[in-house]
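In what follows, a single structure is set out as C-alpha cells and then discussed.
Just so you know, ligand 1 is whichever comes first in the structure, and atom 1 is the first atom listed for that ligand. Numbers here are sequence positions counted from 1.
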Amino acid sequence: MSGSRAAHSTSTHRWQEDPASAADRPVLRAVVFDLDGVLTDTAEYHYQAWQQLADEEGLAFDREINERLRGVSREQSLDIVLAGRALPATTRKAWLERKNAYYVALLGRLTSADLLPGAQALVTACREAGMATAIASASRNTPTVLAGLGIAELFDAVVDGNSVVRSKPEPDVFLAAAERLGVPAGQCVVLEDAEAGVVGALQAGMWVVGLGPAVRVGRAHARFADLSAVDLATLRDAIAAAAWTVRQHDGSADSVRHQETVFTIGNGHFCVRGSFEEGHPGQAPASFMHGVWDAMPVQVTELAALPAWWGIDLWVDGARLQPHVGMLTGLERQLDLRTGLLTRGFEWTSAPGAPRVAVRFERFVSLDDRHTAAVRVGVTLLSGDSATLRVRAGLNAHVENTGLVHWDLLGQHADGGSANLLTRTRTSGIILGSAAVVQADPALRTGSGDADGQPCVELNGLLQPGRTTMVTKFVAIVSGVDHEDPWAHAQALAGQAAGGGWERLQAASSARWAALWRYADVLVDGAPEAQIALRYNVFQLLIAAPRFTEQASLGAKTLSGFGYRHHVFWDTEIFMLPPFVFSEPQVARNMLMYRWHRLPEARAKAAANGYRGAQFPWESADSGAEVTPTWVPHFANPHELVRIWTGDVEIHITADIAFAVLQYWRVSGDDGFLRAHGAELVLDGARFWASAAHLEADGRYHYRDVIGPDEYHERVDDNAYTNYFARWHLQQAAALLDWLAEHAPADAARLRTHLQLDDDETDRWRDVADRVLLPVDPDTDLLEQFEGYLQLTDVDLPTLRSPARTTSMQQRLGIEGCARTQHLKQPDVLMLAYLLPDVLTARQHQVNYDYYDPRTDHEHGSSLGPSISAVLACRAGRPDLGYAHFLRAARADLLDVRHNAGDGIHGASAGGLWQAAVFGFVGLRVRDDGTVTCDPMLPDAWQGVRLRCRVHGRDHLVEVARSSGGVSATVTVE
Ligand code: BGC
Ligand code: BGC
C-alpha cells in the first residue's frame, strides 16, 4: 500500500525503466492527448456548427467569441454563445441537439487528411518508445472523430465526454485516463490547446504541454505553437527543462511585488529581485549584497539596497517603454533554476497605430565571479517599416530601503561605453564601486548621460523589421568590505566581463551551477508541482547563503526583500542550514563561523543581562549585537506601537545554534571546525544556560519570562522547548568536554583556560541539567507547553480549521486575546519532538502530536510551521497528511499563500521544505558512526526520490522508489 513504511533494502531502483530519460529527467510513461485542436482541428467544425446555429437564431457570434469555447463543455459553450440570454430548458436542449447535428454532419467528412501536422508521427513515436497513449477529450463525439481520422487503434485508453461527468477544468478526464492506463498521474504528460484543459491537467498533477499562444496556454509547463515541429525528443526535452523552470505568464499589477520576490536571482554574494529593467509602479526594486550593512539614527541595522544596476530604459519612436502603459501582450517570464538565467519576453505598443515591438530581457548574476552580473535586451520591430529606438543603460544611486536613504554619492562618470558610480553608506561608511560596460549593435550611435547619481550610456538608432537590436550591459559591483579599491576593481571586472562576452560569462556561471546542483538537487518522480517547488526553494537558498565569506549569514527573508531587514534568526540554524550541511558543508560552516566571529557580542549580551557565557541575539546583523526592534507598528493599526519582547526573552536561539554546530559536526565529520570554533560556541552557550537558570524552593531550576517558538504566547514560564533544550545543551556541552579531553586534549586545555572553565562550573552544568523543570505530566505523558498553558481557553476548532479563514488566529483574536487561548502560531512542543526525538518516549510522541498538532494555526500562523508539521505527520505514519503540509510550505512563495511574499522569500519555509522531503518523506538519518540510513514514507503521488549528499566527506547517492512490492530505499557510497 502506498504510504506504508518500507524496510530499508537494496532493491534496484526504477529510473532505468524509462531508458530514454536520463537520470535527472522526469520519468514519463504516458502521453495523454486532448483531441480538438491537438490531433485534429474539429475546433473549426465546432465553430462552423455554432456559427450556423447563431446565424439561424440571430445571435452575435464570431471567431473571437469562438476562442472562448475551446475545451469547454457543450452546456457551458451554449451559455457563452447566449451571452446571458435565458432560454427555456427545452429550447436549450433542442438548440444543443441542432448544433451537434450540424457538427456530426461535418465530422462525417473527416479523414486522415484532417490530422494536424506532426500529430500522428508523435503518437506513433510515443508508442514505439513504449509509452502508453490516451485521449482525454470533453467531446462526446470522440469515437466518431477517431474513426474518421483512422487513428482509434493508436490509443490505449479513450476518455471523453461520455465517460466522465465533470468536464475540464476539473481534472476528472485526465485522472480517468491515467487510471485506465495504470500510470501514476505525475508520470503522464498532457498535450492541450485549451486553457480549461491546461488547468484540469495541472490539477490532475500531470506534466502539461500547451499548444497555442501564451495568453491561452501560458500556465502549462511548456508551450509550443502546435505539434508540427514537436517530436518525442523535443517533448521530453521540454518537460525536462520545465522541471527546472518557474514561469509567469500573467502580468497582473496586483501580484507585481510577489513576482518581484519570486524572480530573485543571485550568487551567494549578491541578489537582485525580479524588478523590471524598465521599472514598474508598485514594485519594490532592490539588490542586496552580503556585508553592506548600514544603520540610520533611530533605525535598526539593515543591508543597504545597492544602487540600481539592472536598469535599461527604452523608447520606441519617442514613447517610453512602460509595461503598464499602452498594450502589452504575450508576457512570458521564466527563471531557469539550472543556470539562474531570468528571461522576460513580451510584445508591446505604446498606443494604437504606434509601432509594435517584441522585447526580450535576460539577466543573470555570475556564480563564477561573485561581483559580476549581466543584463541584455533584444528589441524587434513587428509592425511598420522602421521606428527609432533610444536606450539608456546605466547605474542609479537614487535608491532607498522603504523610505530610508543609505547612500552618499562620492563620484560618477560615463562615456559612450561605460558608466561608473562610487557611493558610501551614510552611517557605516562602506564604500561601494559600481561599474557597467555597455555593448550594442554598431548601428546604434552612442553617447552618455551624467544626471546626478545616474551615470549612463545612451544609444540611438533605427529599428528595422525582422532584425533584433541587442544591447548588453556587463556590471560589476564591489564593496569596500571585500576589496581595498572597490571602484577600480569594479571597473576592471566589468571590462573583463565585457571582453569575454555574454556567452562566455554565462557558460562559466552555468558550469558552477551544474556543480552545485549535483549535490543540492532532490529529484522527485511523479509530482511535477513538488519537483519544481523543491528546486525553486533550494535555489532561493543557494543564491543567498554566504558562499564567499564567514562574516555573513542568511537572513529570514534571504537577500530577496526588505522584510525583517535581513536579520538572522534561529530560522538560519534550524531551518535553512541543513540543506547546506548535507550538500555544501563549507557554506554551512561559513554560517556557523558568522556566529563564532560574533561571540564577543553574545558575551556582552549575556553580561548585560547579568548572565555568564554567550547569549546570542534573537535578531543579528553585522556586529552580532541584538537588533530586534523594541517597538513595531501594530498589524491592525499602524499608528499604535507594539512592544516586541523577542529580543529580550526569546532565549532558545542560543541552544538552536549549539544544535546546528553539533548537527554540522556529526554529518560533516569536521573535527577541525569543532575543535577550533564549534566547541567554543557550544561551551559558552552552556555556560549561559547554567547561569540563567533559577533554582527555586521546589528544588528545580526554572527559566521564567521567556518566549518559546510559539510566539502567540509571550513572557511565559518554563517553556518546554526552552527547558528541554537547555538540559540538552548542558548535557551536550559536558559530553563535548569529555570528547575533547579524549580526542583533542590540547584544545580541551586551551578552551578551559580561555573560557576560565573550572570543575565547579561544569558541576553546575550537570546539576542544572539534572534538576531543570521538565513540564511533563507523568499520567498523561503530555508536555505542558509552558506553565499554565493547559488552563487556557481551548482552541476554537471550527474557526481554526475553517477553509474560509483568511487571517491568523492572532489577527482574529488580537494579541492578548489569542494569548489567552491554546492556539499555536507554530509547533513548539512538537518542534522539540522534531529536533530532539530521543528525549521523548514513543508514547509521549504520540500523545503530544495528537494534542498539539490540531491546535496549530497551520494555515495562517508562522510560515515556519508547515514543513515541520509535514515531517511530524510522516513520523506519525501519515505521509498524505504530511503532503498537505508540504504543499502549504511549497506554495508559501510561489503562490504567495500568506500574501506577504512581496516582503521577501520565506527562507525558513524553503529550508523546511527540503527537510520535509529529505527527513520526512525520504526519512534520511545519519548515525553517529556516519552511516546514512533511510526509512521512507512517500506520499501517494510520489513514485520515487533521488538525491546526493555528502556525509563525513563521502558522496552518498540516496534512491527511494515505489514498486508493486512497496517502497524501498538504497544508499550507495560513491
Ligand atoms: C516566527 C519566528 C521566526 C521569525 C522570523 C516569526 O513570525 O514566529 O519563529 O523566527 O518570524 O522568520
Ligand atoms: C516576529 C519576531 C521578531 C519581530 C521583530 C515579529 O513579527 O515574530 O520574531 O523578532 O517581528 O522583527
Side-chain angles (χ1 to χ4, degrees), residues 299-302 402 540-541 544 553-577 605 616-621 625-636 638 641-657 659-660 706-716 719 721-722 725 785 807-811 815 818-819 823-832 834-835 856-869 889 892-893 898-901 903-913:
Q299 290 290 339
V300 288
T301 309
E302 64 184 343
T402 54
Q540 284 300 334
L541 295 176
S553 188
L554 194 41
K557 302 267 180 207
T558 70
L559 291 179
S560 62
F562 294 97
Y564 289 127
R565 297 176 190 269
H566 318 104
H567 294 173
V568 180
F569 295 68
W570 73 314
D571 306 36
T572 308
E573 278 78 11
I574 296 298
F575 293 84
M576 301 187 234
L577 202 76
K605 174 162 176 137
F616 281 93
W618 176 244
E619 298 185 29
S620 181
E626 183 62 74
V627 285
T628 304
T630 24
W631 297 90
V632 301
H634 192 284
F635 55 73
L641 290 179
V642 175
R643 176 69 165 87
I644 296 291
W645 292 104
T646 49
D648 304 76
V649 300
E650 195 157 351
I651 59 175
H652 63 79
I653 183 151
T654 295
D656 303 329
I657 292 170
F659 178 90
V706 302
I707 301 178
D710 161 37
E711 294 181 353
Y712 280 175
H713 299 94
E714 298 180 312
R715 311 196 63 182
V716 300
N719 165 251
Y721 179 96
T722 306
F725 253 101
Q785 184 175 303
T807 51
S808 75
M809 289 312 289
Q810 191 183 55
Q811 280 165 309
I815 296 173
C818 189
H823 292 101
L824 304 184
K825 180 180 183 184
Q826 65 210 89
D828 191 308
V829 169
L830 296 183
M831 195 68 204
L832 169 71
Y834 168 56
L835 294 172
T856 310
D857 188 351
H858 297 296
E859 294 81 4
H860 301 283
S862 168
S863 67
L864 280 63
S867 53
I868 303 307
S869 300
D893 291 312
R898 288 163 191 277
H899 311 295
N900 61 0
D903 296 340
I905 292 291
H906 294 83
S909 175
L913 194 73

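- One distance of note links CD1 of I707 with CH2 of W618; it measures 8.5 Å at 0.5 Å rounding.
- A donor-acceptor pair shorter than 3.5 Å can be found between the side chains of D710 and Q785.
- The atoms of ligand 2 that sit less than 4.0 Å from any heavy atom of P629 are 5 (C), 12 (O).
- Heavy atoms of V632 stay at 4.0 angstrom or farther from ligand 2.
- Closest approach of T572 to S553, counting heavy atoms only: CG2-OG, 3.3 Å.
- Rounding to the nearest 0.5 angstrom, the gap separating the NE2 atom in H906 from the CZ atom in F575 is 12.5 Å.
- Listed by atom number, the atoms of ligand 2 under 4.0 Å from T628 heavy atoms are 10 (O).
- In this structure, E859 CD and M809 CE are separated by 10.0 Å, a value rounded to the nearest 0.5 Å.
- Looking at E626 and T628, their side chains do bring a donor and an acceptor atom within 3.5 Å of each other.
- Across K825 and Y712, no two heavy atoms sit closer than the pair N-CD1, 3.2 Å.
- Protein residues lining ligand 1, listed by chain and number: A556, Y564, F569, W570, D571, W618, E711, K825, Q826, S862, L864 [non-hydrogen atoms, distance under 4.0 Å].
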